[in-house]
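So you know, we letter chains A, B, ... as the sequences are listed, proteins then strands, and number each from 1.
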There are 2 protein chains.
Amino acid sequence: MAASVRDVAQLAKVSVGTVSNVLNRPDKVAPATVERVHRAIDELGFVRNDAARQLRAGRSKTIGLIVLDVRNPFFTELARGAEDEAAANQLAVILGNSDDDSDREAAYLDLFEEQRAHGILITPIGDVTERLERLRAHGTPAVLVDRSGADSGFSSVSVDDIAGGYLAARHLLEQGRRRIAYIGAQFEIRQVADRLEGARRAVTEVDDATLEVISAEGLTVLDGRRAGERILARPATSRPDALFTVNDLMAVGVLQALVMTGAVRVPDDMALVGYDDIDFASAAVVPLTSVRQPSRLIGSTAVSVLLEEAADPSLERRTIVFQPELVVRASSVRH
Amino acid sequence: MAASVRDVAQLAKVSVGTVSNVLNRPDKVAPATVERVHRAIDELGFVRNDAARQLRAGRSKTIGLIVLDVRNPFFTELARGAEDEAAANQLAVILGNSDDDSDREAAYLDLFEEQRAHGILITPIGDVTERLERLRAHGTPAVLVDRSGADSGFSSVSVDDIAGGYLAARHLLEQGRRRIAYIGAQFEIRQVADRLEGARRAVTEVDDATLEVISAEGLTVLDGRRAGERILARPATSRPDALFTVNDLMAVGVLQALVMTGAVRVPDDMALVGYDDIDFASAAVVPLTSVRQPSRLIGSTAVSVLLEEAADPSLERRTIVFQPELVVRASSVRH
DNA sequence: GGCGATTTATGAATCGTTTCAATTATAGAG
DNA sequence: CTCTATAATTGAAACGATTCATAAATCGCC
């Protein structure tokens, strides 16, 4: 049905080798011939068969990216960065969504392995290092994203969450706040624990400052709102004067609870800082101070590292850690 | 480097044909042989080379899905539905994000064509019907999603946005509201226009009801907030008593504007209905009444239709239209 | 024990591209 | 006009799984 190089060669009256050269190294072919071959390609509507090309090449032109949750803007931005960098190297990115499910994660690894992916970027859930090592032995390198790979034997690109937590808390302290509360959940997640750790460090640097830890059910808007309601239920004197939430979704929830009753003014009575700097953050009722991560840069850097390792597998593993940045808005600064 | 069927065959002391049979039709092979081959596979760490398989098969095991915006929960849910249905048929979905850019759309079509995708699901931007027809002629069927394909010669799976607009407006009318405003932007987008059209129909059914159209800059939270502020700037008597926004993001923005000042109570002074029923809707300061679309079902249905056409290209085109559903919450009902 | 039916196994041919050693054409130098 | 670089082109081999016509082994039955 579909035309092949053979058909093109025949129509253009050249050999298949020449057609291939026109496709891949046009400078090695006489201009007139290039022209003739192109005409034949157009006439036949020829489109390269990627499967055959891959078979010959032994490796696909695709990078597999497995993220935890495509609904999280952090990951879509990361994916976008990866895509851009990959495209600059004539590669495509296939996005897999593990949804925090290690079976789905494994299924995507199977797929990428069968496809002989050029490389794999992954935010691992289950214990996949063994799996990844086998892949690497078979020529498919992997880079961990948003995870420190220091101990795993893999390169990694991540963000310093301890520094992020420190930034947020120090900012609140600099605004004169002293009774800070950290609102989080699922403290076994590294990010949640690290941000707390960072906040703790900032607080210990100031003599009369205290840090309270408030544990919520989950990490959603609704969980944030519930946490906010619990704080409001306390007598005004025993409430914190500043809140730092583990992510922006929760911060939005907290904000809803505070604004709804009107009992507490933000930032006058209580300052609020979130994390991630999602689009919603700047559009909240009170624009939200937040900690921004260079998500897009993480994606593109991860691809760069991956490609370097693909080109030279003997390269030493690298652990790249980006620094987050504080974005100050109305929710934390008295006017 | 990597083991091939040939290596497996050698180790298991069988022919390559038998190895292939073990992989694809194990019931045609004696149990003892199957066992022996599996041991060899494990020992060598053999993994099928998908490129070789595809080359022989002439078609890949992948469905290409091109969406407008992965950040929109509607599309991620749709993708999820497509994935599930595809997985049930031993197929994988590759998600491409066109970001409303017809160049990116074309690049993904190129990719899918070279990969000899099993089929393509697309929410088209540019004029791609010609392109899709060529693909179909070469054996790659396509189904339009979230677009009516009635006139394009392609099957389509979409939602009845006119009905959705009607539902929203009629609900407001049933709550006794009479001065309804529709807030939207980019009215050339079919969805935006259709929802308005539906609202208009509902309003004309009620004698003393009026429909005002408020045009915003864009479709984001911030645009909604600005629209809300403009409404507040008007004297109380000339304000509408109900708002219907083209999507939930804008509804959230409007809500922020109204709540912030406290001048207007929702729903008492002004009722509010959004569209899409995103997660945020139920978590808003005032839980939001919204129109829900069966996004996941759209995705899975589109894959089903696609597979049927792939199996029998002579099949008649189908135009499937789902009905949306009204989800009533506090923002539109007086308590 | 012989015959046909059935089950199981074989291996060469095939898919379409790329590669590369070999060949032919072309140009420039002497 | 010959000889040697250089440029342009050729075409067979290879990649690895699948298929299918064919062969071999096994079985049941008279």
For DNA chain D, which residues of residues 112-120 of chain A approach it to below 4.0 angstrom with any heavy atom?
none

With a distance cut-off below 6.0 Å to the six-membered ring centre and an angular limit of 45° from the axis, does B:Arg136 pair with B:Phe154 as a cation-pi contact?
yes

Go through B:Thr18 and B:Ser15 one step at a time and tell me if the side chain to side chain donor-acceptor pair (under 3.5 Å) criterion holds.
CA-CA 5 Å; B:Thr18 299; B:Ser15 71; 3.2 Å; yes

Atom CD of B:Glu188: over 12 foreign heavy atoms under 6.0 Å:
yes

Close approaches to DNA chain D from residues 42-58 of chain A, in residue order (heavy atom, under 4.0 Å):
A:Leu55, A:Arg56

Atom-pair distance (CD on A:Gln10; P on C:dG16), nearest Å:
14 Å

Report the residues that fulfil salt bridge (charged side-chain N to carboxylate O under 4.0 Å, His left out) with A:Glu77, sequence neighbours left out, ordered by chain and then residue number.
A:Arg296, B:Arg71

Look at atom CZ of A:Arg190 and say whether more than 12 heavy atoms of other residues, nucleotides or ligands are closer to it than 6.0 Å.
yes

Please list, chain by chain and in numerical order, all residues satisfying side-chain hydrogen bond (donor to acceptor under 3.5 Å, both in side chains) with A:Glu114, sequence neighbours excluded.
none

Sugar-phosphate means primed atoms, P, OP1 and OP2; the rest is base. With that split, encode nucleotides 6-11 of chain D 5' to 3' as B, S or - using protein heavy atoms under 4.0 Å.
--SSBB

Take atom CD of B:Glu35 and atom C1' of C:dT8, then tell me their distance rounded to the nearest Å.
17 Å

Taken to the nearest whole Å, CD1/A:Ile41 to P/C:dG16 is 16 Å

Rounded to 10°, tell me the angle between the two end axes of the helix from C:dG1-D:dC30 to C:dG30-D:dC1, each built from five pairs.
40°

Does this structure show an ion pair linking B:Glu83 with A:Arg104, if we count only N-O contacts that are shorter than 4.0 Å?
yes

A:Glu308 with A:Arg318: basic N within carboxylate O range, under 4.0 Å:
yes

Taken to the nearest 0.5 Å, the spacing of A:Leu306 CG from A:Leu91 CG works out to 9.0 Å

Between B:Asp110 and A:Arg48, does any NZ, NE, NH1 or NH2 come within less than 4.0 Å of an OD or OE carboxylate oxygen?
no

Length of the line joining A:Arg59:CZ and C:dT17:C1', which is rounded to integer Å:
17 Å

Checking B:Ile320, B:Asp146, B:Thr319 against B:Ser156 for side-chain contact (heavy atoms from CB on, under 4.5 Å), the one that qualifies is B:Thr319

Please classify the nucleic acid contact of B:Ser4 as base, sugar-phosphate, or nothing, using heavy-atom distances under 4.0 Å.
sugar-phosphate

When rounded to the nearest 0.5 angstrom, what distance separates NZ in B:Lys61 from CG in B:Asp50?
9.5 Å

Between D:dA12 (C1') and A:Arg6 (CZ): distance, integer Å
10 Å

Counting any heavy atom closer than 4.0 Å, what does A:Arg25 reach on the DNA or RNA strands: base, sugar-phosphate only, or nothing?
sugar-phosphate

NZ/NE/NH1/NH2 to OD/OE distance under 4.0 Å, A:Arg39 and A:Glu35
yes

